[in-house]
Structures are given as structure tokens and as C-alpha cells.
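The basis for the numbers below is simple: all heavy atoms, side chains too, and nothing from hydrogens, waters or symmetry mates. Residue numbers begin at 1 in each chain, while the letters A, B, ... track the order of the sequences.
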Amino acid sequence: MKTLVTKLVQNALASLPELADAAAGLAVETAIERTRDPAHGDFATNVAMRLAKSVGTNPRELAARIVAAFPASPEVDKLDIAGPGFINIYLSAAALHAEIKAILEQGNCYGRQPAKDSPRVLLEFVSANPTGPLHVGHGRHGAYGATVGNLLEAAGYDVDREYYVNDAGRQMDILGLSVWLRWLEAHGTQFDFPGAGYRGEYIREIAAQIDTRGAAVVDRGALLRDIPADAPDGDKEAHIGALIERAKELLGAQLFNHIRQQSLESIRQDIEQDLAEFGVIFDRWYSEQSLETTGRIDAALAVLRDRDMLYEKDGATWFRAEQFGDEKDRVVVRENGVKTYFASDIAYHFDKRERGYDYLIDILGSDHHGYAPRVRAGLAAMGYDASSLEVKLMQFVALYRNGEKLSMSTRSGEFVTLRALREEVGNDAARLFYVMRSNDQHLDFDLELAKSRSNDNPVYYIQYAFARIASVFRQLAEKGLSHDDSRGRDNLDLLRESQEKALCSALGRYPEVVLLAANNRAPQHLVHYLRELANDFHSYYNAHAFIVDDPALRDARLTLISATRVVIGNGLGILGVSAPEKM
RNA sequence: GCGCCCGUAGCUCAACCGGACAGAGCAUCGGAUUUCUAAUCCGGCGGUUGCAGGUUCGAGUCCUGCCGGGCGCGCCA
């Protein structure tokens, strides 16, 4: 619809030679928008106001000239000049009806743009450390990322979804240690579990399941001899560091490694299954360990070195990040020879580009905001355009139970899992609830509220509209009638009620909303739209009967709600929410 | 101290590169169905868009400064 109007306005402008210069720099599609108020027609354009200054006339006068130049079109009923110089465009019934037909012809494809060859997009999201089950914060990342992925695909982009598995570093040693310690406990060794260890119940479950052949049960004395005290008497990091060394010593590096790898793989698989049940599917699970084992980190560092982007200072290797807009230079290889996490990140993003993705989107927690300039600097230093990395920051989900904010520490084990949340409120409600707010808005999630008021969740309002339409068609069949869609399409002119016009107009907005939501990575636009569309439908439902005696009117109305069903179904599909035939 | 994000109705939030009287839901008050699901609909109440300036024909939106909240500023991951 908008495309059509844009074209008409462009033609009008093109036929006015005196505007050629001024209009050259104007992207017409940005000057056209849906009106908020139906009294202002269907579309409005502010081109006259934008061009008036450079042309040297007042906006209303210019608007009059543009209106006079407007090409005659069966799609437009009338044009008005309003306010300071808006041109209001009223679409004809024929134009609205053509859209209804398009919806029914295109079905599942309605609202989808033709596939683009480029850019190839890589969308990375969740990427939670495999040290425990996902919690409700990760759920927000999953729902948002999956929905943005769907939106980008609908907008025609070729997009892959990737999960970066942080399976390297000290946290993995702590995980391996935690599992081993629980295994020892299960075999009768008594000691206080380290405060810095992973304390969740799932650690015990992993300990009971994994292959520990070759591991000997050690007693308390052998375990704790010469180990510095844990907090509060000592330093918890020193304590757990010494325990890791003790574990490697007693088990041998190979067996410790075996326990660690099994533990992380068990957790990673659990995460994958959890997300899959939530409708969040990844094309690839990319291991941080693999970056090192395949030499990609060294390769990336070599590229930087060749470009003179590295230097040595205080025994460490530094990357000249400041040259590329970062606050300061960053260490990539520590004094002790160990590469930093940042080195992996540079290599990982370098690898994304090398694999042929020309546009990268990372969805990260808002606490990672300092990370974007750093990685961009890395890309730029390696010769890639820094703007090819887009970072969307997700604000936190704060959990409340009985009005009290809950701790979300993974190590303490005091967190509510995504799985528990899904079981309480259902996948559909959770998916929709998570994306209703803008990503840069905090989300307060009150568990009691979500549970007790789950029927008030807007998801049911939208689903109910879909189910009601299905129900109408069931009723129709029970009455021994059927819907003659072709007769319905021929009689769309009979739809003259205000609710019918409102619904027609709302349906035609869908493709624009999908594009808007995709371009802004803002699924909430689609949620709000679907709620409004459902409202238009419910109002219609209450005001008029569909199954009326007059066959022509009946079929026309059924054709209209049929199109409504298609659009709601497509929209819910993008959101990953089910569209039930019955509720 | 420096940086990023946020501040809109009693509550939770919308508002499409700046556009027309700032919109929904919840709450509250009042109505609607002998008819296709009342998980619905219609209406009322509710606002100095944190504060003060500036740019503009026009500012919730852009700029500056304050106030308030969140997060980040490691040779951690």
C-alpha cells in the first residue's frame, strides 16, 4: 500500500520541473506515513512542508501545486490539504479490496519481501556460558533474537543464527571442579563446598551421570591439605584456584579434562533442548575452544601483527584499540602467556566475516555495552568496515517473587530457570511477554503476577481473535453452509460498515509493520499491531453478524475475516506464538 | 570521575530517520449479548512527556546543562 502511494507522490513531484532540484535529495518514502486519525485519510505526506523552504514558497501553496499535479488513479478517492501543509490521501475502496485479495492469494507469504542476495546476515544471540541452565534473562535474549531473526527473514534477508559457546577459560575449570566435588560428596567425602563454586542442584545431577572411570575417591585430608581458606576467613578466588590445581593433580590433567568436557557438553545440550522447546533454533553452535584448537586466534593475531596493530608492553601483547575509537588499548596476550577473552572475540568476529557474512548482529546483555567499540576496533584493524557489526543491547530482566527482587547469580544457584518460567506461564505467553517491550527497556518480571494473571496476558487476546474466526467457519459448516470465496471477493463493495473499513485498512498495514519491526529490530511494533488488529476484529465481531442470510454479504464478510485470519496467523508465526483453532 | 542506556496517565508500557488534539493495557466508574466463544465490545475518569534552556513552521523525539535510576569502566570470562 505504502509502495503504491509512494509511487503516486513521486510521479506528482516528477511532473513539477521547478521542484526537481529540491526533491532530488528527498527520500519520498520517508515523507509518507499512515495517519493516526482516520479523519486525515489513510496516508499523509509532508513533502510540501519539507520542500517549501528550498523552493521559496509557503507549504500550503506548494501542497496545492503538488495536489494539482497528482496523477489520476483508481486507487485514490480524494486528496486534502490540511494543517500547515500536509497532503492527506484517501484511498479508494477498490484499493483496499485489492489488498484483501492479495492477502488471500499470497497466504503465508503475505507480508514477506522478496529474497535479497545481500547482505548475508549473521545473528548471534543468547550465547550464555555453559555453566548452568538458562535463566529468565536468557529467555528474553532467546525470544528477542529468534523473533528478530524471523523478522529479518520476512524482510528478505538471508540470516543465520549462531550461539557462541564460551567453553574455554577458568569458568570451565570451576565447572569441572564443582562436578568433581559433588561426585566426591556423593561418595562420602565431607567438606564445605567452595563459595565460588557452582552450587546449583544440576551439578549433583551431572556428577551422578557422567563417566568418572579412573577417578579415585579421596578423603578430606588429601583434598584440603595446604588449601588456603575460603571466604569469609580467606579469599574465595585463591581457595577455588588451589582446589582446581588439586583436582588436576589428583585426577591427572586428562581425566580432569574429561570430566570438565562432559559437564559442559551436558549443560550445553540442556540449553539447546530448552531453547528448542521454546521455539528458539540455532543454525550453528560455535565453540570458543575450537577457535584455539584450529589456530584461529593465532591467525587473527597474526593478521593484526602484520598490520602493525600489536605491540609489547610490560611483558604483555597489546592491541591498538584506541586508534579505532576504543577508550584505550587492550591486552590480547597476558604477561603469563595466556590469551585474553578479548583475543578470542576478535578472532571470532574476524572468522564471522571470513565465513562470508557481511553484516553481523550481536544481541548482548546491557552490561556488555563497553564491548562493542572494542570488537569494532578489532574488525576495523583487520580491514573490515566497523559498521558491519551492529550490537543490540538487552536490558535486564528483574525477577520479583512476592514483591521481592530475586538474586540472579548463577553460582549461588538462586535463580529461576527459563524452563520453570515456561512451565508456569506457557511458551506462548512467555514469547510474547518477552518481546512486548523495547530491548533497551528494563523488564520487571513478577513471577506471582505472571502466574496468577496469565489469563490477562495479551497473547490470549490475539489468539482469541484467531480462534474466533475458526469458530465462525465451524458454525457455518454446522448450519450446512459454505463459504463461496469467489463470490465474497466479487462483493467486497458491500462492506460499508465503519468496522469493516477499519479492518480492511488495518490488514493492509501488515507488510509495513513487518518492515518497520525488522528494520528497527523492534518486535514490539508487531505485537502492538496484532493487538490493534485483534481489537478491530473483536469490535467488528461484536457489532455485526457474519453469518447473515444474504449470501453475497455473508460471503464478503467471510472473505474479510478469512484475510484477517491469514494476517494474524502470519504475525503470530513471526513471533513464535501458536495460533490455536480453538481456545 | 568518565562512558552507554533509561525517565511519558495511579501501575506496566506505545508513539514509524521531528508532524496534526501524546496512545494502549491494567486499575477504577458506567453500559452492552434471547444472535457466530463475555478470554469480547462500547463509553467515562486519568498527562506541564523528570527540570531548565536552545534549534525548528512544528520537539516526547534533536542539542546543552542539571536531577533521578540502571549498567559498565581488569593482564576476569
Side-chain angles (χ1 to χ4, degrees), chain A residues 27 30-31 33-37 39-40 44-46 49-50 52-53 58-59 82-86 88 129 131 166 168-172 174 237 288 313-318 327-328 330-342 344-345 365-373 393 395-396 398 436-444 446 449 453 455-461 463-465 467-476 478-479 499 512-513 515-517 519-520 522 524-525 527-528 531-532 534-535 537-548 557-558 561 582-583:
Chain A
T30 66
E33 53 183 25
R34 289 273 177 177
T35 57
R36 279 189 214 173
D37 185 345
H40 296 144
T45 177
N46 58 7
M49 283 133 77
R50 291 218 202 169
K53 201 169 211 174
N58 82 60
F86 288 105
N88 291 334
N129 295 343
T131 55
N166 290 117
R170 177 179 160 87
Q171 56 176 350
M172 288 296 105
I174 295 175
E237 294 301 328
E288 182 186 356
K313 191 182 88 180
D314 304 333
T317 305
W318 296 71
E327 294 171 0
K328 55 180 174 182
R330 306 283 174 179
V331 171
V332 286
V333 184
R334 296 200 281 266
E335 193 175 358
N336 64 9
V338 178
K339 290 159 205 152
T340 62
Y341 181 80
F342 176 51
S344 306
D345 273 334
S366 63
D367 53 336
H368 285 69
H369 63 73
Y371 162 108
L393 296 172
Q395 289 295 331
F396 289 157
M436 271 179 66
R437 283 160 181 62
S438 159
N439 60 289
D440 49 26
Q441 202 68 246
H442 286 269
L443 177 60
D444 288 337
D446 187 321
L449 201 67
R453 294 175 52 205
N455 281 356
D456 292 336
N457 196 303
V459 70
Y460 298 104
Y461 184 85
Q463 287 181 323
Y464 184 40
R468 263 185 154 177
I469 295 170
S471 169
V472 169
F473 282 96
R474 282 195 297 273
Q475 285 289 326
L476 187 73
E478 274 173 33
K479 291 182 177 174
Q499 293 88 351
E512 295 156 32
V513 171
L515 267 183
L516 176 73
N519 291 337
N520 293 305
Q524 73 271 16
H525 288 303
V527 178
H528 291 297
R531 207 192 179 288
E532 283 164 23
N535 185 17
F537 171 76
H538 286 309
S539 295
Y540 183 28
Y541 183 99
N542 274 274
H544 303 285
F546 307 136
I547 304 176
V548 293
R557 287 183 169 172
L558 292 172
I561 65 170
K582 228 177 185 169
M583 290 176 73

Next item on the list: Take the protein atom NE2 of His538(A) and the nucleotide atom C1' of U33(B), then report the distance between them rounded to whole Å.
Entry: 16 Å
Margin query: What's Asn88(A) touching, base or sugar-phosphate or nothing? Going by heavy atoms closer than 4.0 Å.
Written below: base
Notebook entry, point to check: Does Asn46(A) make a side-chain donor-acceptor contact with the base of G19(B), cut-off 3.5 Å?
Noted result: yes
Next item on the list: For Arg330(A), answer base if it contacts any base atom (sugar-phosphate contacts may also be present), sugar-phosphate if it contacts only those atoms, and nothing otherwise; contact means non-hydrogen atoms under 4.0 Å.
Entry: nothing
Check: Contact class for Met436(A) vs. all strands (heavy atom < 4.0 Å): base, sugar-phosphate, or nothing?
Finding: nothing
Next item on the list: May I ask you to say what Glu327(A) touches in the nucleic acid, namely base, sugar-phosphate or nothing, with a heavy-atom cut-off under 4.0 Å?
Entry: sugar-phosphate
Margin query: Regarding Arg50(A), tell me which of base, sugar-phosphate or nothing describes its non-hydrogen contacts under 4.0 Å with the strands shown.
Written below: base
Check: Which residue lies toward the 5' end of RNA chain B, Tyr371(A) or Lys328(A), if each is placed at its nearest nucleotide?
Finding: Lys328(A)
Margin query: Using the six-membered base ring of A20(B), report whether His40(A) stacks on it, requiring centroids under 5.5 Å and planes under 30° apart.
Written below: yes
Note to self: Within the 4.0 Å heavy-atom criterion, would you say Thr317(A) contacts the bases, only the backbone, or no part of the nucleic acid?
What the structure shows: nothing
Item checked: Touch class at under 4.0 angstrom, heavy-atom based, for Ile547(A) against every strand present -> base
Check: Which is true for Gln441(A) with a 4.0 Å heavy-atom rule: it touches a base, it touches only sugar-phosphate, or it touches nothing?
Finding: sugar-phosphate
Notebook entry, point to check: Looking for any heavy atom pair under 4.0 Å, which part of the strands does Ser471(A) touch: base, sugar-phosphate only, or nothing?
Noted result: base
Check: With respect to the side chain of Phe546(A), which nucleotide from C41(B), C75(B), C36(B) is positioned closest?
Finding: C36(B)
Notebook entry, point to check: Counting any heavy atom closer than 4.0 Å, what does Gln463(A) reach on the DNA or RNA strands: base, sugar-phosphate only, or nothing?
Noted result: nothing
Next item on the list: Have a look at Ala467(A) and say if it touches a base, only the backbone sugar-phosphate, or nothing, with a 4.0 Å heavy-atom cut-off.
Entry: base
Note to self: Looking at Arg170(A) and Glu237(A), is there a salt bridge between them, counting it only when a charged N and a carboxylate O are closer than 4.0 Å?
What the structure shows: yes
Next item on the list: Would you verify whether the NZ or CZ of Arg468(A) falls within 45 degrees of the ring axis of Phe537(A) while also being under 6.0 Å from that six-membered ring's centre?
Entry: no
Item checked: Pairwise 5' ranking along RNA chain B for His544(A) and Asn535(A), keeping only the more 5' one -> His544(A)
Notebook entry, point to check: Is there a donor N/O on one and an acceptor N/O on the other, under 3.5 Å, for the side chain of His369(A) and the base of C5(B)?
Noted result: no
Next item on the list: Could you check whether Ala168(A) gets within reach of a base, just the sugar-phosphate, or nothing at all, counting any heavy atom under 4.0 Å?
Entry: sugar-phosphate
Note to self: From C-beta outward on Phe86(A), which listed nucleotide comes closest to its side chain: C73(B), C41(B), G19(B)?
What the structure shows: G19(B)
